[in-house]
> 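I have a structure here, written as structure tokens, and I will follow up with some questions on it.
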Amino acid sequence: MVIGLRDSAKQLRPDDIARKELKPRGATLFPVPSREAVYEETYEEQKKANIKTLGKSLPKQASAIIPKIREVDEFMSAHPEYKNRIDESHPELDFARLNGSVLLTRKKEADGIEERLKVIKRYIPGIDIPNLYIKAKDLRCNVDDIADAICLAVTAKLKSDGLCETIPENPQMDSNGLYMKLTVPKRAVSNEMAEISRLKSIVETLRSENGCSWDKVQTHSSLKAACIEEAAEVVGGINILEKTGDAANLREELGDLLLQVMFHSVIAEEEGLFTFEDVAKTISDKMVRRHPHVFEGVKYASEEELHEAWAAIKKEEKKGREWEADYLEGALNEASELIEKAKERKGFKSK
């Protein structure tokens, strides 16, 4: 819903910028009425006020949502503690950013709903799509309304992770001190997520009933050798980069190693253990937790104190799981054996 209203045509709201980005679906962003128009009662009075303030008439679609715009504006005036803490966004623009391109389907039609739910599934892999239709019936709303709400929730989560930006970059304030801006996912997020989602889909297809006979039968155990070899080939890629300045091999080998991470994650998801999202969240949470001096403003008097704090945090993480370290020596020995077998298979002589 709209936050921040213009009192003159000289003021800038994000709508015109966003409408250009959404071409050819820009019409899904209705023109936002002026503040004076919002507080008029009849459509004719609203039109006159809008022409007087902004020099433009007012479409009936925009007039239809004026009661809700007024409700939000009155809430912000009555509760200044929420001023510029609640953000305005737009699901169609968010879907475009999350997808990496504008969705050309109409959200009310079956193919449009399906396309939007597929985008959501990239960011919430475990979401129960069929259940959304049941929920829509229970709530007496359309499933596209639920899809819009989930899309906005994804955007809110991305904002909390620092992965959103505003349109415009430097927003103006209205006469009530509200910033006139749209909060949207950064473009880079959608591109990265699209490729990760594509990789996951490829691995799932390879392991499906009509997939590849080799990929279908792989297990965590059978992939040990491949995981170790790919890690070694990353080292080779680093060495090539350092010696020649050519990064092509490192890029390729990092992709092969990422495939191993995705492969194990897909197998684990099939087994009901965890998902790729769980893997990514676990390492992200760990990095934030182990670096309070970066993410929480904690100050350390010296590098030594910083390292001591890091060790203490790590020890706390492992509390009750110290037994896991008992498997490390055997794992390192097994890795060495797998490397020797790989060298033999590739015709290299052991030193």
> Can T105 and R116 be said to form a side chain to side chain donor-acceptor pair (under 3.5 Å), step by step?
CA-CA 9 Å; T105 53; R116 283 155 182 77; 2.9 Å; yes
> Indicate yes or no: at least one non-hydrogen side-chain atom of R35 is less than 4.5 angstrom from one of S175.
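A side-chain contact under 4.5 Å exists here.
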> In Å, rounded to the nearest 0.5 Å, how long is the span from OG1 of T166 to NZ of K186?
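One finds 10.5 Å between OG1 of T166 and NZ of K186.
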> Would you call D161 and K157 a salt bridge, taking side-chain N to carboxylate O under 4.0 Å as the test?
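Salt bridge: yes.
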> Taking the side chain from E322 and the backbone from G320, do they hold a donor-acceptor pair closer than 3.5 Å?
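A pair under 3.5 Å: yes.
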> Is it true that a side-chain atom of T183 and a backbone atom of S89 form a donor plus acceptor pair closer than 3.5 Å?
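A pair under 3.5 Å: no.
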> NZ/K135 to CD1/I146 distance, rounded to the nearest 0.5 angstrom?
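Atom-to-atom, K135:NZ and I146:CD1 are 8.5 Å apart.
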> Working to the nearest 0.5 Å, report the span between CG of L58 and NZ of K47.
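It is 9.0 Å, given to the nearest 0.5 Å.
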> Only one of I86, I3, L5 clears side-chain contact (heavy atoms from CB on, under 4.5 Å) with V72; which?
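Only match with V72 under side-chain contact (heavy atoms from CB on, under 4.5 Å): I3.
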> Got L152 and D94 here, is their nearest side-chain heavy-atom distance under 4.5 Å?
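Result yes, sub-4.5 Å side-chain heavy-atom pair found.
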> Does a sphere of radius 6.0 Å around CD in E304 hold more than 12 heavy atoms from other residues, nucleotides or ligands, not counting ones at 6.0 Å or beyond?
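Count not over threshold, so no.
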> I'd like to know if the side chain of R70 and the backbone of V38 have a donor-acceptor N/O pair within less than 3.5 Å.
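Judged by distance alone, yes, a pair lies under 3.5 Å.
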> Ring-plane angle category for F295 and H291, please: parallel below 30°, perpendicular beyond 60°, tilted otherwise.
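Perpendicular.
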> With a 4.0 Å cut-off, would you call E45 and K48 a salt bridge?
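Salt bridge flag = no for K48 with E45.
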> Let me see the working for E165 and R97 under salt bridge (charged side-chain N to carboxylate O under 4.0 Å, His left out), right down to the final yes or no.
CA-CA 11 Å; E165 59 189 3; R97 287 292 187 98; 2.7 Å; yes
> Using 4.0 Å as the upper bound for N to carboxylate O, is an ion pair formed by K281 and D285?
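A salt bridge links D285 with K281.
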> CG/D174 to CG/L12 distance, rounded to the nearest 0.5 angstrom?
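Here the rounded value is 12.5 Å.
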> Taking E92's backbone N and O only, do any of them form a donor-acceptor pair with H90's side chain (distance below 3.5 Å, no angle check)?
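Between the backbone of E92 and the side chain of H90 there is a qualifying donor-acceptor contact (under 3.5 Å).
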> Any salt bridge linking E316 with R289? Criterion: basic side-chain nitrogen under 4.0 Å from a carboxylate oxygen.
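R289 and E316: not salt-bridged.
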> For the side chain of N50 and the backbone of S34, is there at least one donor-acceptor N/O pair under 3.5 Å apart?
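Flag set: sc N50 to bb S34 pair under 3.5 Å.
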> For K108, I'd like to know if atom NZ has over 12 heavy atoms of other residues, nucleotides or ligands within 6.0 Å.
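Counting neighbours around NZ of K108, more than 12 heavy atoms of other residues, nucleotides or ligands fall under 6.0 Å, so yes.
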> Do D16 and R19 meet the salt-bridge criterion of a basic N to acidic O distance under 4.0 Å?
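Yes, R19 and D16 are salt-bridged.
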> Considering only heavy atoms from C-beta outward, does the side chain of E114 approach that of K118 to under 4.5 Å?
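Side-chain contact under 4.5 Å: yes.
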> Quick one: does S221's side chain get under 4.5 Å of K224's, heavy atoms only?
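In short, these two side chains touch, coming nearer than 4.5 Å.
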> With a cut-off of 6.0 Å (strictly less than), are more than 12 heavy atoms of other residues, nucleotides or ligands near OH of Y179?
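12 or below, so no.
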> Can you confirm whether N131 sits close enough to I134 that some side-chain heavy atom of one is under 4.5 Å from a side-chain heavy atom of the other?
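With C-beta onward as the side chain, the pair touches.
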> Between the main-chain N or O of G177 and the side-chain N or O of N84, is there a donor-acceptor pair closer than 3.5 Å?
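Answer holds: yes.
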> Using every non-hydrogen atom in the two residues, find where A9 and R6 come nearest and quote the distance to one decimal.
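Nearest pair, atom of A9 first, then R6: O-NH1, 4.2 Å.
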> M180 and P14: which non-hydrogen atoms are nearest, and at how many Å?
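Closest approach of M180 to P14, heavy atoms only: O-CD, 3.6 Å.
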> Is K341 salt-bridged to E344, cutoff N-O under 4.0 Å?
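A salt bridge is absent here (no side-chain N lies under 4.0 Å from a carboxylate O).
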> Around atom NZ of K216, are there more than 12 heavy atoms from other residues, nucleotides or ligands closer than 6.0 Å?
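Yes, the 6.0 Å shell around NZ holds more than 12 heavy atoms from other groups.
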> Rounded at 0.5 Å granularity, tell me how far CG in D144 sits from SG in C151.
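Going from the CG atom of D144 to the SG atom of C151 covers 12.0 Å.
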> Where do M173 and Q11 come nearest, in terms of heavy atoms and distance?
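The pair with the smallest heavy-atom distance is O-NE2, 3.6 Å.
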> For the residue pair E115 and L104, establish whether any side-chain heavy-atom pair is separated by less than 4.5 Å.
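Of all side-chain heavy-atom pairs linking L104 with E115, none is under 4.5 Å.
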> Just by modelled atom types, is the W214 backbone N or O under 3.5 Å from a matching donor or acceptor in the Q218 side chain?
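Looks like yes, one N/O pair under 3.5 Å.
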> Ignoring hydrogens and geometry, is there a side-chain-to-backbone donor-acceptor pair from Y123 to L158 under 3.5 Å?
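Answer holds: no.
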> For I66 versus A37, what's the shortest heavy-atom pair and its separation?
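Closest pair (atom of I66, atom of A37, distance): CD1-O, 4.0 Å.
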> Just one of V154, I120, L22 clears the side-chain contact (heavy atoms from CB on, under 4.5 Å) bar with F95, so which one?
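Looking at V154, I120, L22, the match for F95 under the side-chain contact (heavy atoms from CB on, under 4.5 Å) is I120.
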> In terms of side-chain geometry, is the basic nitrogen of E317 or K286 positioned less than 4.0 Å from the acidic oxygen of its partner?
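The answer is no: the pair does not qualify as a salt bridge.
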> Is a side-chain donor or acceptor of D246 paired with a backbone partner of A248 at a separation under 3.5 angstrom?
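Yes: the side chain of D246 pairs with the backbone of A248.
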> Are any non-hydrogen side-chain atoms of R25 and R106 less than 4.5 angstrom apart?
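R25 reaches R106 side chain to side chain.
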> Using a 6.0 Å cut-off, check whether atom CD of E209 has over 12 heavy atoms from anything other than its own residue.
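No, CD of E209 has 12 or fewer neighbouring heavy atoms, counting only those of other groups under 6.0 Å.
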> Start with the C-alpha gap between E204 and K200, add the side-chain angles, then the distance that decides, and say whether salt bridge (charged side-chain N to carboxylate O under 4.0 Å, His left out) holds.
CA-CA 6 Å; E204 288 174 336; K200 184 172 187 284; 2.6 Å; yes
> Looking only at heavy atoms, which two atoms of Q46 and E41 are closest? And how far apart?
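So the minimum-distance heavy-atom pair works out to NE2-O, 3.6 Å.
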> Quick check: are there more than 12 heavy atoms from other residues, nucleotides or ligands sitting under 6.0 Å from CD of E271?
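More than 12 heavy atoms, drawn from other residues, nucleotides or ligands, come within 6.0 Å of this atom.
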> To the closest 0.5 Å, what do you measure between CG (D148) and SG (C141)?
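If I round to the nearest 0.5 Å, the distance is 10.5 Å.
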> Could you tell me whether R85 atom CZ has more than 12 heavy atoms of other residues or ligands within 6.0 Å of it?
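Count not over threshold, so no.
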> So, S208 and N210: side-chain donor and acceptor under 3.5 Å apart, yes or no?
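On atom types as modelled, these side chains do not qualify, holding no pair under 3.5 Å.
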> Could you walk me through whether T275 and D278 pass the side chain to side chain donor-acceptor pair (under 3.5 Å) check?
CA-CA 5 Å; T275 66; D278 295 329; 3.1 Å; yes
> How about NZ on K83, more than 12 heavy atoms from neighbouring residues, nucleotides or ligands closer than 6.0 Å, or not?
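Check passes, neighbour count above 12.
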> Could you report the tightest heavy-atom contact between D7 and T53, atom names first, then the distance?
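Result for this residue pair: O-CG2, 2.9 Å.
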> For the side chain of E253 and the backbone of E233, is there at least one donor-acceptor N/O pair under 3.5 Å apart?
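Such a contact is absent between E253 side chain and E233 backbone.
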> Taking C-beta and beyond as the side chain, do V2 and R13 meet within less than 4.5 Å on heavy atoms?
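In short, these two side chains touch, coming nearer than 4.5 Å.
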